[in-house]
Structures are given as structure tokens and as C-alpha cells.
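As C-alpha cells, the structure follows; a few thoughts come after it.
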Amino acid sequence: MSTIDAETLRSWLEEGKQVIVLDIRLAADRATWAIPGSLHIDAYADLKAHNAHALDGVSLPADVPVVTVCNSGYTSQIASKQLKARGIEAHSLEGGMQAWSLSWNTADISVPGSDAQVIQIRRVGKGCLSYLIGSEKETVVIDASLKPEVYMSIASSHGWSIAAVLDTHIHADHLSRSRVLAELSGATVYLPNQERVMYAFTPLRHGSIIKIGEASLMVIQTPGHTAESMSYLLDRQALFTGDTLFLQGVGRPDLHATTEETRLHAQLLHHSLHHHLLLLPARTLVLPGHTNTPTPFDKIPLTATLGDLRNKVELLRLPESEFVDALVARIPPVPPNHERIIELNEAGSLIENPIELEAGANNCAIP
Ligand SMILES: [Fe+2]
């Protein structure tokens, strides 16, 4: 039996190695999240039943390795065994999609008008986006959602030391790695000013400025998705919007809120968008905190200008009352375990194995 771990598959895809990823899960499971570029065969029930002909319907080249994938890495072993019997080099992904949830890739972003270098780190197994902004010998990390070593090794490969880590808000879909990253790298933790987080941090207020080498990051208070949400403007050119504004929509206003508070948060979000973010120049690059589809290993940044989003995202054109009604009507299912995740993020605790806690669809945006 041959298996490979998620990190090996991640590096194969990053290197552009020829490999076929064969997803054998039920179509409903695949609809929630998938590995970019993977093929799907609806053979789950047949494989579970050990039907020797379960994969007869899929034609695969004999000379390209195949990685079989299921939810947790068991049924995919049956599939890889059947492919091996056909003479194909096949490996089963250890831990399946659960283990894949920690996979990531990067894209470099050049920001016209700024000398800072921005790297977008995409947690492709879940859709969380974090950023490194480097200038001179320093870098800051925004919304760390992967193990600290990922950010530390990218920083050191650019000759940067991590001076600061920032979160845009208290996350509900993943555990923030910011506190641990700061401890390991000796960086300062900056968080939006609020009284929920129980560990020591430097509070950010509307108009605060953080210097990174030659670059500067200005804090814009943008409540709505959560009461404390903030956006960060780099050199007046690029806007890190967290979960306030996405490339396909806006942030949900209902987490950690009652029904009445949800409407109030939606009003606040409308105000944040129209009285702060959308007043910035149309050329401003928007760099959001999440994407709702698996990001390919193509090194193409996920970004758009504010001008593009004004035209593309219908919600941004609605007056306040219609905006609030539309948001409330379109609220997606709540992320599983979000209450426990919020609790851990307020305490600053990172559990040993967060995979199961963080599992589930990425439902942060309202399109
Ligand atoms: Fe969020």
C-alpha cells in the first residue's frame, strides 16, 4: 500500500509535477470543497462495497502517478489498490481532505505606488487568505491561519524579520495563529481595540499607523462583519479588507449576534463600506481575508480593484435598507464549531490538532 502525506502532494502541485488527483468522494462532499484541478469519479459506494469494478469507468494514462483522495484517507486506499492492480502508480492521500485542509500556496503581488512587497498566502484547503508585507528588512503578517513555521520560513527566505502580526478581526471559522507566531518570532501582536481577547496585545484604533520599513499601514475601522472588524490600507494603494469586503461579496453580519444585532451589524457594514472603503480611489487594490473556491497552484493573486468591485458586486450598489434585507435573506449556514473557535481565539489558545475543529465549508461571504 502506498500513501503520501498532504505536504508531499502540496509540494508536487507547487512544483508543477505531473500528477492526477482522483477524488472518489460523494458528489455532495466534493461540492463543499475540493483539491484544485482534481478529477472526480462518483464511485464511493462501490469502493466501500469493495466492488472490484468500481473504477472501471475512469480512464487514466498509465505513465502519470495518481493520488486518490477521500474524506479521511481510508476509502481512498481501496481505490489506489484497484488502480495499482491496473498497473498505474497510485498513492492514497493520508488523512484525506481533513489533512489537506492545512495546505497552502502563495502568490506575489506588486502594488503600484508602493515599494512594499506583498505575498498572499492561500490556505487552499480551506479558503483563508493571509498576507506578508515586506519592506526593507521587516515584515508584518496579517491574519495568520497556518502554522507559524510557514510564515517564518517565507519571511526568512526574503531576509525579513517579522516585526508585527495583525488580525483584521476575531475569527470564527479558523483558529488565529497570530499569538503563537508572535511568541515564536518575537513580534508585537496588534489587534482591533476590543475587550474580548484575554491575552496581551497592542490595540489598534481608527487612524493608527503601523510602520514596516519604508511602508506604512493605516487602520480603518470597518465594523459590520463583526463589531471590532478593521481594514488596513498599505501606502494608500492596497486595502486588506479581512471579512468586510470580498471579491464576490461582503462579510456575513450574523456570527456572534442575535437576530436584532444582525440587522444592526448589516447597517454598520453598509456604513463602513460607503463611508470609508468605497470612498477610496477606484484603483485601490482589494486584498480580502477569504476566498470561497479552492485556489489553484497558479501563483495568480486573488485581488481586484475597488472600481471593479463597485461594478461587479451588486450588493455594493444597494441603498442601506435593501442591503440589510438582502444580507439577512442570504445568510449562509453557520460555520461548524464557530462558537468554540471564537472562544479559543478570545483566549489565544491553539489546540494541538485543529483540523477537526476547523473542518467544514467556507461560508464567510454573502454574494
Ligand atoms: Fe470572519
Side-chain angles (χ1 to χ4, degrees), residues 32-33 101 120-123 125-131 141-146 165-179 189-194 196-197 201 204 219-232 239-258 261-262 264-270 272-273 276-277 286-293 295 302 309 313 315 327-328 330-350 354 357-367:
T32 14
W33 206 254
S101 91
Q120 185 175 56
I121 297 135
R122 299 91 75 90
R123 182 168 165 187
K126 188 156 171 72
C128 312
L129 304 175
S130 45
Y131 297 90
V141 182
I142 298 179
D143 285 337
S145 64
L146 289 158
V165 298
L166 287 74
D167 279 350
T168 50
H169 62 291
I170 299 164
H171 296 283
D173 67 309
H174 67 268
L175 296 181
S176 168
R177 270 62 166 187
S178 293
R179 183 191 187 187
V189 187
Y190 292 92
L191 295 179
N193 185 36
Q194 36 68 38
R196 287 166 51 199
V197 166
F201 64 92
L204 293 171
V219 176
I220 305 174
Q221 199 164 21
T222 47
H225 169 62
T226 64
E228 78 288 349
S229 285
M230 286 179 167
S231 301
Y232 304 126
L239 186 63
F240 299 86
T241 52
D243 291 1
T244 295
L245 175 60
F246 298 113
L247 304 185
Q248 293 82 18
V250 301
R252 59 189 304 162
D254 63 306
L255 295 177
H256 215 64
T258 61
E261 285 166 345
T262 294
L264 179 69
H265 285 187
Q267 280 172 5
L268 283 170
L269 181 57
H270 190 271
S272 294
L273 290 165
H276 292 292
L277 303 189
V286 174
L287 297 163
H290 282 97
T291 171
N292 58 2
T293 50
T295 311
L302 298 166
L309 294 187
V313 178
L315 281 171
L327 255 56
V328 170
R330 294 181 201 176
I331 282 174
V334 290
N337 307 322
H338 73 283
E339 278 164 0
R340 177 77 183 128
I341 291 174
I342 291 172
E343 209 172 83
L344 288 165
N345 281 335
E346 287 174 346
S349 310
L350 193 54
L357 189 70
E358 294 179 329
N362 179 327
N363 285 331
C364 302
I366 300 187

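First listed ligand is number 1; within each ligand, the first listed atom is number 1. Hydrogens, waters and symmetry mates play no part in the numbers below; they use all other heavy atoms, side chains included. None of these values were measured; they are calculated from a predicted model.
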Step by step, would you call H225 with H169 a side chain to side chain donor-acceptor pair (under 3.5 Å)? CA-CA 9 Å; H225 169 62; H169 62 291; 3.3 Å; yes
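- The neighbour count for E261 CD, taken as heavy atoms of other residues, nucleotides or ligands under 6.0 Å away, is above 12.
- Checking S176 against N345 by side-chain atom types alone, no donor-acceptor pair falls below 3.5 Å.
- Excluding waters, the set of protein N, O or S atoms lying under 2.8 Å from the Fe ion (ligand 1) comprises H169 NE2, H225 NE2, D243 OD2.
- When all heavy atoms are compared, the tightest approach of T291 to W33 is O-CH2, 4.0 Å.
- There is a side-chain donor-acceptor pair under 3.5 Å between T168 and D143.
- H338 pairs by the ring pair (Phe, Tyr, Trp, His ring centres under 6.0 Å) definition with nothing, not counting sequence neighbours.
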